[in-house]
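So you know, we letter chains A, B, ... as the sequences are listed, proteins then strands, and number each from 1. All values reported here derive from a predicted model rather than from experimental measurement.
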2 protein chains.
Amino acid sequence: MNKKEALKIYHEHIEKIKAYDLVLATADFDSSTIAPKKGNAYRNKMMSIVQGEAFPIQTDPVLVEAIDYLNGIKLDEKMSREISLAKKNLEEILRFTKEEVMEYALVQMNANDAWLEAKQKKDYSIFEPHLLKLIELTKQRTLKKKPDANVYDTLLDDYEEGMNMKKYDAFFKLIRKELVPLIKKVSKKQDFIDDSFICKYYPVEKQERFSKDLKKYLGFDPSWGYMGVSEHPFTNAFSRNDVRITTSYEEHNVISSIYSIIHETGHAFYEHQLDPAYDRLIELSGMSSGMHESQSRFLENYLGKRESFFTKLYPKLQKLFPENLKDVSLEDFSKAANVSKCSLIRTDADELTYPIHILIRYEIEKMIFNDEIDLHDLPKIWNQKYKDYLGLDVPDDASGILQDIHWSLAYFGYFPTYALGSAIGAQIFHQMSKDMDVDESLSKGDFKALTDYLKDHIQKYGNLYDYDRILQIATGEPFDPHYYTDYLKEKYQKLYEL
Amino acid sequence: MNKKEALKIYHEHIEKIKAYDLVLATADFDSSTIAPKKGNAYRNKMMSIVQGEAFPIQTDPVLVEAIDYLNGIKLDEKMSREISLAKKNLEEILRFTKEEVMEYALVQMNANDAWLEAKQKKDYSIFEPHLLKLIELTKQRTLKKKPDANVYDTLLDDYEEGMNMKKYDAFFKLIRKELVPLIKKVSKKQDFIDDSFICKYYPVEKQERFSKDLKKYLGFDPSWGYMGVSEHPFTNAFSRNDVRITTSYEEHNVISSIYSIIHETGHAFYEHQLDPAYDRLIELSGMSSGMHESQSRFLENYLGKRESFFTKLYPKLQKLFPENLKDVSLEDFSKAANVSKCSLIRTDADELTYPIHILIRYEIEKMIFNDEIDLHDLPKIWNQKYKDYLGLDVPDDASGILQDIHWSLAYFGYFPTYALGSAIGAQIFHQMSKDMDVDESLSKGDFKALTDYLKDHIQKYGNLYDYDRILQIATGEPFDPHYYTDYLKEKYQKLYEL
């Protein structure tokens, strides 16, 4: 085998794997948005079969040989990273059989359906057996992948290369130390900012109309992006020029869908603005979760929560909902959108309490995968943590343990990346604010200047470097979570005049 | 090999093929409804790769052996038909290579994209090279499948088993003879029925609201069916309990989307009401186009065009559009929905002139596949036929040769099944009217009584028998197109008081 042959084999296999990825992603998006329920069982079965069909291509001995060969020779920087990641993935997948892959896919899809039903019926018992099975399977699979490592460390590394409990423990320790006292102070000034108008009645049909303005403002263009509606908002890129996001609307919360759209658009731009050279690769276009969340949380918070973000948009919102907003100024609207309040739902949480929601999930996942709890106590533990950290009683499991989709997809180890991503975002925002006038771009409606900045400084790299290296290039420093805690302290001390 | 082994092999292969069918159907539905344009080229390429991946399963020598074995032994009626059709299909597909299948899929998808662009831009030149390539490929492929048969005969048989030019010539001769004089008489009474209100301004958003009522009335239930929006309405069944339809809305024609929804719902029920035993088969659930159109045209015309169909629905429509309909009675609305007028667009044509639209396409396809014309003259020929048969000048190709999606998908030979299906439907309707009080069910809003009748007399058989046999069972007679011409003559003579 020579280099040319090995590369040909690699690209041919990759192309087929990406073809399977595309049709499975499409079926998955369809399932999560529009597919009729009665077809679920059959559809899941069929999708697991197709998933199984991809397996012999992913594990083809010819591909294994090509990757091994390429891994041993000199390649340019991009191809070298691509192949080393491909080798790592290959080693993991080779530990499984086709049947195991198919079974896992099927268990996952059925668990996801059960989660949706359980959430809608506020009945955890529908989901519980699926969750316990997923946890058990995840433990087995993770140990099979890395027999000598701690299971939860492996899971954390899966979602953010290089992360582990030791690093996250230190990170969350800082979060707790710096933010918990501030949250307590803020919660004593509960009525300092009026946000009562946020939860008035906002008909979904009109919210949908505003979404169009919002997407236009953000530059989420229908020529390369589509937005659907699902129970839990998500982003799924079929290709660089075909990026799907979803949102969900709440009749009694006008900012819920707005921020979910901004958040998912952050993910969408990351996928859309990749280096076109990565179209033919598979690893370099698979960004880590922490970096991905850094971009989504960037748009949602560091841009979307600024008053200037609404300069152009707020008049349109006011016009759509005069009965609720005609007497509310832009400034008051923006303040309300930033109110910090201990609340039950992670996706609707303000910037300050948000990392506490993540901390709770991190602590629970740690307990699960270090076998420290009886798994039947999970809802009780969930509720106790919300009481301890946020002083809240959870009224039902739909507002508690069932609120997030992640565990139903076996995304264990994903949650911490939301907080990590928020912190990475803060460091990028600090640099961006030095490099350009963010508020000027926002108030002019020139959102493109900001997404262009993210493209040039972050997004174009894709998965070429890890988060620390990207931060080094983009900000001149390695990751430093103090940018995050400092940003939050400064912002909320000012907002609440503390 | 014994029977048990052979059946096991057959079912295992069928299941995989159906899994590929499902994900490809999903990607296709997605492409036709919501997918961002910039992703088309990549998506088409990937879909053709997945199509190619199914080929070795469809042509697996083990499957070939199992089918041959099963074809030689005694099986029950259902399995015997399933296997004989599978053998026929297998013999055809074995004449091709994987590469040919992939190339054909890709050419087709790209042609479909080009057609859409051409139609939207009213520019035939965008589509022409794709169409000519598809025609050429279709000729080659059809000759390869049946080297000794006339190409167009083979195509006609593909869409309706047993049909050929000789039979269709006789059928259309009757149509011409019986209907053309009547059309001429009716067109002399052009203003006899006022239908001016049909083409007033009907905002799409409100039409969408009416669609919900309509689907509910028809029993098209969201638990097993989903409706999207596409340029050209279609139905695609992912499984018996997951049937997708689409519609398209016209701001200046309130009945266009209504009848397209009723039509597609007719297709949808056919798929949904199949014998559940067919879930594990592939041929018995693949109904012929003529039979399929008999069910869609049945709902659209034999039920949907009756005044009693609107007894429950019309008040809702009036309430949504008082500015257009408050002074229009149910009777006058129903008459307007039945107005016969020589018009350009097949899908919007009334029942009487409809078969002429089909006749035109049939004559053109015959000329194409019998090499009787210069293919560069196609738009000219199209326009001339509309002038000759319907006395109309075609203002642009979007209202002419580009109006239908079929040729862009290489569905050559499909069109005649619309007229055939309409005629089959007339015969079924004649029997149904003897067996039950159709108007009573309709005006009570008991549409289920009618779809149940179709299920029990027609739909449950699926593809177990050909259309003639099904008619024999359901009506006691073989196919007789006079039921169709008699129905139309009686209806329109009465409506126009001729």
Side-chain angles (χ1 to χ4, degrees), chain A residues 12 14-31 33-54 56-57 102 205 208-209 220-228 237-245 268 272 276 279-280, chain B residues 12 14-31 33-54 56-57 102 205 208-209 220-228 237-245 268 272 276 279-280:
Chain A
E12 277 171 2
I14 287 309
E15 193 176 40
K16 274 191 198 172
I17 295 166
K18 288 177 79 144
Y20 278 98
D21 283 351
L22 179 99
V23 292
L24 285 167
T26 310
D28 182 56
F29 185 81
D30 176 272
S31 286
T33 50
I34 58 172
K37 294 277 162 294
K38 279 193 186 165
N40 286 1
Y42 178 84
R43 193 184 318 109
N44 292 350
K45 177 89 189 294
M46 295 293 115
M47 284 171 70
S48 84
I49 289 173
V50 175
Q51 187 80 63
E53 290 289 295
I57 301 162
M102 287 169 68
E205 227 171 68
E208 284 174 341
R209 251 182 274 165
F220 182 74
D221 195 86
S223 70
W224 60 266
Y226 173 79
M227 186 176 86
F238 295 7
S239 67
R240 195 167 40 84
N241 280 315
D242 185 353
V243 186
R244 313 299 178 95
I245 67 171
H272 177 59
D279 287 354
R280 290 187 65 224
Chain B
E12 277 172 3
I14 287 309
E15 192 177 41
K16 273 191 198 174
I17 294 166
K18 288 177 79 144
Y20 279 98
D21 284 351
L22 179 99
V23 292
L24 286 167
T26 311
D28 182 56
F29 184 81
D30 177 272
S31 286
T33 50
I34 58 172
K37 294 275 163 298
K38 279 193 185 165
N40 286 1
Y42 179 83
R43 193 182 320 110
N44 292 350
K45 178 88 189 293
M46 295 293 114
M47 283 171 71
S48 84
I49 289 173
V50 175
Q51 187 81 63
E53 289 289 296
I57 301 162
M102 287 170 67
E205 226 171 71
E208 284 173 340
R209 250 181 276 165
F220 183 74
D221 194 86
S223 70
W224 60 265
Y226 173 80
M227 186 177 87
F238 294 8
S239 66
R240 195 166 42 84
N241 279 314
D242 185 354
V243 186
R244 313 300 178 95
I245 68 171
H272 176 58
D279 287 355
R280 290 186 67 223

May I ask you to test the Leu22(A)-Tyr42(B) pair for a side-chain heavy-atom distance under 4.5 Å? yes

Selection from Asp279(A), Asn40(A), Ile49(A) maximising heavy-atom pairs under 4.5 Å formed with chain B: Ile49(A)

Checking Phe238(A) against chain B: side chain, backbone, both or neither under 4.5 Å from a heavy atom? both

Excluding sequence neighbours, so at least two apart, what forms salt bridge (Lys or Arg N to Asp or Glu O under 4.0 Å) with Lys16(B)? Glu53(A)

Residue selection (most heavy-atom pairs with chain B, distance under 4.5 Å) from Glu15(A), Met47(A), Lys37(A): Glu15(A)

Heavy-atom pairs under 4.5 Å with chain B: which of Ile57(A), Val23(A), Asp21(A), Asp221(A) has the most? Val23(A)

Taking the side chain as C-beta and beyond, is there a heavy-atom pair between Ile34(B) and Phe29(A) under 4.5 Å? yes

Top contributor to chain A interface from Ala27(B), Ser223(B), Gly39(B) [non-hydrogen pairs under 4.5 Å]: Ser223(B)

Nearest atoms (heavy-atom pairs only) where Pro36(A) meets Pro222(B): CB-O, 3.5 Å

I want to check something: taking the side chain as every heavy atom from C-beta on, are Ser239(A) and Lys38(B) in contact at a cut-off of under 4.5 Å? no

Segment of Arg240(B) engaging chain A (4.5 angstrom heavy-atom cut-off): neither

Which region of Glu205(B), side chain (C-beta onward) or backbone (N, CA, C, O), has a non-hydrogen atom less than 4.5 Å from a non-hydrogen atom of chain A, or is it both or neither? side chain

